[in-house]
Visitor: 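The structure's right below; bear with me while I get my questions together.
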There are 2 protein chains.
Amino acid sequence: MSRCTQCIIKRFNSLKKLTHDELEKFSDHKTSLLIKKGENLMTEGHTINGLYCVKDGKCKLTKLNTNGKEQIIKFVKGGDILGHRSILSDEPVGLNVTALEDMHVCFIPKGDILDMIRTNSQFSLSLMKNISHQLNEANTSISQMAQKPVKDRLAETLIHLEEIFGVDKEGFIDITLTREEIANTIGTATESAIRLLSNLKKDGVIDLTGKRIRIKEKATLHNISEGY
Amino acid sequence: MSRCTQCIIKRFNSLKKLTHDELEKFSDHKTSLLIKKGENLMTEGHTINGLYCVKDGKCKLTKLNTNGKEQIIKFVKGGDILGHRSILSDEPVGLNVTALEDMHVCFIPKGDILDMIRTNSQFSLSLMKNISHQLNEANTSISQMAQKPVKDRLAETLIHLEEIFGVDKEGFIDITLTREEIANTIGTATESAIRLLSNLKKDGVIDLTGKRIRIKEKATLHNISEGY
DNA sequence: GAATTTTAATGATATTTGTCATGTTTTTGA
DNA sequence: TCAAAAACATGACAAATATCATTAAAATTC
């Protein structure tokens with residue numbers, strides 16, 4: 001099995017704060033796994049006993065509401081880590097993590113992570129920075145969900161998706177989502193999301209080819225996201 | 001000036017993980033301040049260089065949206081700490097902190113906090129736990145804002161306010177908020193909040209006496225919050 | 001303590017958003 | 001490759017929520 005020391009992915013997350021020897025220790029205990037498209041890596045309410053490092057693939061982090069509706073809280077791609085919030089707060093997992101395409105992830109046991117936090121304060125600080133940043137993003141999201149109309153939130157989401165996943169060679173946002181998933185991201189009915197996307201296309205702000213979305217006028221989209 | 005070692009408040013937050021000597025060090029550098037009702041302790045976008053420990057008083061944490069509307073993200077009372085998210089992620093403050101009544105807070109410089117994180121891993125873990133918990137709460141909040149109707153969110157908020165602030169001897173929730181602040185918490189128009197509160201009163205679920213709110217039927221309120 | 005400002009309340013109405021129904025297109029899987 | 005299922009699209013309508021206008025009540029200030 002490949003070694004963490006050789007893995008390029010660690011450069012993108014808190015594991016970059018570890019020394020060669022520390023990484024070797026992780027390598028000895030880690031397991032690699034493949035999560036196929038549609039499968040769950042973590043499930044809301046369950047307990048996990050370790051941290052996941054996403055080598056590649058894309059996933060959605062969701063919450064099931066009391067009314068049975070799925071809310072997409074966040075998208076995660078290769079390079080990110082998952083599960084640290086749960087093991088740090090010693091609470092069950094708060095979100096479902098579902099693969100949007102096949103994913104390769106590594107699992108590092110909780111004990112190793114906690115040991116490392118005790119001995120490597122740089123690692124510790126990096127994890128705190130990560131979660132603190134996420135908390136700030138979440139707070140912004142609360143505000144936008146509460147105050148912005150659906151149209152504005154859709155515009156915001158499209159820009160955000162392009163930022164996270166980038167674009168392919170033809171300029172389409174490099175993620176495939178159903179209209180329902182887009183609706184569940186912005187917190188609206190699927191039909192509303194479809195209608196608003198159609199309008200944006202009609203207005204020449206975006207291109208739609210099946211599930212593929214290309215932003216044509218980012219400035220306009222940005223204005224819409226701010227209510228203009 | 002009073003010493004941290006003598007302060008009862010530290011029992012309620014991460015400072016409880018510090019030894020007597022460590023607290024003494026904080027005491028030497030800390031400053032106490034009074035924030036009067038209506039004044040800001042922190043302002044969105046500003047930089048702070050330390051952590052605040054709230055000795056007593058209550059405050060609201062808000063965000064100003066691009067459309068000029070205020071969103072209340074969280075309520076904080078004596079015992080909590082503030083500003084750690086910002087200094088840990090090395091980002092500007094993300095929220096305005098406004099006193100809802102006079103507050104006494106202590107300020108501990110960033111350098112002392114960061115030093116302590118490096119040397120006391122229990123303190124470090126406690127801070128992580130705190131932020132991780134907050135992140136989980138924020139994610140839940142996103143989901144509820146996005147998916148639940150205003151009425152449900154109001155019911156949820158009333159229960160939440162009672163949990164945080166408790167009740168006075170007559171059973172009224174021990175916090176004074178304007179209708180506008182309640183509206184800004186649940187993310188709706190002030191008129192809508194007023195109407196829904198009046199309905200809850202008419203239905204005998206709550207009592208309203210001016211700004212004072214008493215929950216009469218918590219079970220009913222809980223059902224409403226889940227859409228029944 | 002009277003005047004002024006802020007807050008609360010409520011009706012009328014407009015807008016936004018959701019739901020239901022229906023048909024089409026695309027994707028999936030035997 | 002064809003049938004079934006899922007996803008997409010759109011119209012018609014209903015429900016939720018916001019906005020505007022007005023009045024009443026409460027709090028603040030001079």
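Below, chains carry the letters A, B, ... as their sequence lines are ordered, and counting in each starts from 1. All values reported here derive from a predicted model rather than from experimental measurement.
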Visitor: To the nearest Å, how far apart are B:Asn67 CG and D:dA18 P?
Guide: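 Those two atoms, CG and P, are 12 Å apart.
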
Visitor: Report the relative orientation of the aromatic rings in A:Phe75 and A:Phe165; use parallel for angles under 30°, tilted for 30 to 60°, perpendicular for over 60°.
Guide: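 Aromatic pair A:Phe75/A:Phe165 classed perpendicular.
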
Visitor: Select one nucleotide: of C:dA8, D:dA9, C:dG18, the one nearest the side-chain heavy atoms of A:Arg179.
Guide: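 Output: D:dA9.
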
Visitor: Determine the sole option in B:Asp207, B:Asp168, B:Asp174 for which the side-chain hydrogen bond (donor to acceptor under 3.5 Å, both in side chains) test with B:Arg212 is passed.
Guide: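 The option that passes is B:Asp168.
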
Visitor: Of all the nucleotides listed (C:dT27, C:dG18, C:dT7), which has the minimum atom distance to the side chain of B:Thr178?
Guide: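 Looking only at side-chain atoms, B:Thr178 lies closest to C:dT7.
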
Visitor: Just how far, in rounded Å, is P of D:dA18 from NZ of A:Lys148?
Guide: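 So the NZ-P distance, A:Lys148 to D:dA18, works out to 16 Å.
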
Visitor: Please indicate whether A:Lys110 has more than 12 foreign heavy atoms, meaning atoms of other residues, nucleotides or ligands, lying under 6.0 Å from its NZ.
Guide: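 Yes - once you tally the heavy atoms of other residues, nucleotides and ligands closer than 6.0 Å, there are more than 12.
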
Visitor: According to a strict under-4.0 Å criterion, is B:Lys211 in side-chain N/O contact with OP1 or OP2 of C:dT7?
Guide: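 For C:dT7, OP1/OP2 do not have a side-chain N/O of B:Lys211 under 4.0 Å.
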
Visitor: Is A:Thr190 close enough to D:dC8 that one of its side-chain N or O atoms is under 4.0 Å from OP1 or OP2 there?
Guide: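 So the side chain of A:Thr190 is outside the cut-off, no N or O lying under 4.0 Å from OP1 or OP2 of D:dC8.
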
Visitor: Using a strict heavy-atom distance below 4.0 Å, which residues from residues 220-228 of chain B are in contact with DNA chain C?
Guide: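 The stretch gives none, as no residue of it lies under 4.0 Å from the strand.
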
Visitor: I would like to know whether A:Arg214 and A:Glu170 meet salt bridge (Lys or Arg N to Asp or Glu O under 4.0 Å); could you show each step before the answer?
Guide: CA-CA 8 Å; A:Arg214 175 167 51 198; A:Glu170 293 160 82; 5.7 Å; no

Visitor: Of the nucleotides C:dG18, D:dA9, C:dT19, which has the atom closest to the A:Arg195 side chain?
Guide: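 The answer is C:dT19.
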
Visitor: Name the closest nucleotide to the B:Ser192 side chain, picking from D:dC8, C:dA8, D:dA18.
Guide: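 Within the option list, the nearest is D:dA18.
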
Visitor: Think B:Lys151 has a side-chain N or O under 4.0 angstrom from the OP1 or OP2 of D:dA16?
Guide: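 No.
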
Visitor: Nearest-Å distance, CG (B:Leu154) to P (D:dT17)?
Guide: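 One finds 11 Å between P of D:dT17 and CG of B:Leu154, rounded.
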
Visitor: Pick one: which of A:Lys218, A:Lys151, A:Lys148 meets salt bridge (Lys or Arg N to Asp or Glu O under 4.0 Å) with A:Glu156?
Guide: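 The single option meeting the salt bridge (Lys or Arg N to Asp or Glu O under 4.0 Å) with A:Glu156 is A:Lys148.
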
Visitor: What is the distance, rounded to the nearest whole Å, between atom CZ of B:Arg212 and atom C1' of D:dA25?
Guide: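 Taking CZ of B:Arg212 and C1' of D:dA25, I get 18 Å after rounding.
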
Visitor: Mapping B:Lys69 and B:Lys37 onto DNA chain D by nearest heavy atom, which one lands closer to the 5' end?
Guide: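 Checking each residue's closest nucleotide, the 5'-ward one belongs to B:Lys69.
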
Visitor: Consider the side chain of B:Ile194, meaning its heavy atoms from C-beta on, and name the nucleotide among D:dA18, C:dA8, C:dT17 that approaches it most closely.
Guide: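 For B:Ile194, the side-chain atoms sit closest to C:dA8.
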
Visitor: Please determine which of B:Leu61, B:Leu95, B:Leu82, B:Thr98 meets the side chain to side chain contact (heavy atoms under 4.5 Å, CB included) test together with B:Met42.
Guide: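 Checked B:Leu61, B:Leu95, B:Leu82, B:Thr98 against B:Met42; only one passes side chain to side chain contact (heavy atoms under 4.5 Å, CB included): B:Leu82.
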
Visitor: Is there a side-chain contact between B:Ile73 and B:Thr62, using heavy atoms and a 4.5 Å cut-off?
Guide: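 In short, these two side chains do not touch, never coming nearer than 4.5 Å.
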
Visitor: What is the distance, rounded to the nearest whole Å, between atom CG of B:Leu200 and atom C1' of C:dA9?
Guide: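 Taking CG of B:Leu200 and C1' of C:dA9, I get 15 Å after rounding.
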
Visitor: Among D:dT19, D:dA7, D:dA27, which nucleotide has an atom closest to any side-chain atom of A:Glu180?
Guide: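 My answer, after comparing the listed nucleotides, is D:dA7.
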
Visitor: So do A:His29 and A:Ile108 actually touch side chain to side chain, heavy atoms under 4.5 Å?
Guide: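 They are not in side-chain contact.
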
Visitor: Can you measure A:Ile186 atom CD1 to C:dT16 atom P for me and round it to whole angstrom units?
Guide: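 Interatomic distance, CD1 of A:Ile186 to P of C:dT16: 15 Å.
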
Visitor: Rounding to a whole Å, what distance do you find between A:Asn65:CG and C:dG18:C1'?
Guide: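 Whole-Å distance recorded here is 16 Å.
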
Visitor: What's the closest nucleotide to the side chain of A:Glu191 if the choices are C:dT10, D:dA27, C:dC20?
Guide: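 Nearest to the side-chain atoms of A:Glu191, counting from C-beta on, is C:dC20.
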
Visitor: Within this structure, what is the CG-to-P distance between B:Leu208 and C:dT10, rounded to whole angstrom?
Guide: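 Those two atoms, CG and P, are 10 Å apart.
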
Visitor: Kindly say if A:Ser198 contacts the phosphate of D:dT10, meaning a side-chain N or O under 4.0 Å from OP1 or OP2.
Guide: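 True: A:Ser198 side-chain N/O within range (under 4.0 Å) of D:dT10 OP1/OP2.
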
